[in-house]
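This is a predicted model, so every value here is computed, not measured.
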Amino acid sequence: MQSIQEAQVTREFRHFSIYLGGENLTNYKISDPIRHAHNPWSSAFDATQIWGPVTGAMAYIGIRIKFEKL
């Protein structure tokens, strides 16, 4: 069974902080998330059984500004 790894690193400064992170670092995706997606009008169609990620690895970077300290 695959695991979904996430990580984030934050660097604090006086008036702001910078962060860098990633989600689903193992790039695990479920192969067929929606049952009978090719025929959505059938009684077997079921979009409620998605239990894992459908997108691959994702990275992000951002800035948090501390307005109360400006």
- So do Val54 and Ile30 actually touch side chain to side chain, heavy atoms under 4.5 Å? yes

- Message: So does Arg11 get a backbone contact from the side chain of Ser17, meaning a donor-acceptor N/O pair under 3.5 Å?
- Response: no

- Note on the structure: Test side chain to side chain contact (heavy atoms under 4.5 Å, CB included), reference Tyr19, set Val9, Thr10, Ile63, Ile61, output is Thr10

- List the atom of Lys29, the atom of Thr55, and the distance in Å for their closest heavy-atom pair. CG-O, 3.5 Å

- Single-linkage hydrophobic cluster Leu20~Phe16, side-chain heavy atoms < 4.5 angstrom: no

- Task: Flag the pair Ser42 / His36 as yes when at least one side-chain heavy-atom distance between them is below 4.5 Å, and no otherwise.
- Result: yes

- Item | Lys66 vs Phe13, side chain to side chain contact (heavy atoms under 4.5 Å, CB included): CA-CA, chis, key distance, verdict | CA-CA 10 Å; Lys66 302 173 187 175; Phe13 297 97; over 6 Å; no

- Enter the distance from Asn27:CG to Ile4:CD1 here, rounded to the nearest 0.5 Å. 11.0 Å

- Task: Indicate yes or no: does Glu12 engage Arg64 in a salt bridge with an N to O separation below 4.0 Å.
- Result: no

- Message: I'd like to check Ile34 versus Phe45 (side-chain heavy atoms, cut-off strictly below 4.5 Å). Are they in contact?
- Response: yes

- Query: Can you tell me how far CD of Gln8 sits from OH of Tyr60, rounded to the nearest 0.5 angstrom?
  - Reply: 4.0 Å

- NE2 of His38 to CG of Asp32: how many Å apart, nearest 0.5 Å? 9.0 Å

- At what distance, to the nearest 0.5 angstrom, does CZ of Arg35 lie from CD1 of Ile50? 12.0 Å

- Item | Rounded distance (nearest 0.5 Å) linking atom CG of Leu25 with atom CD of Glu6 | 8.0 Å

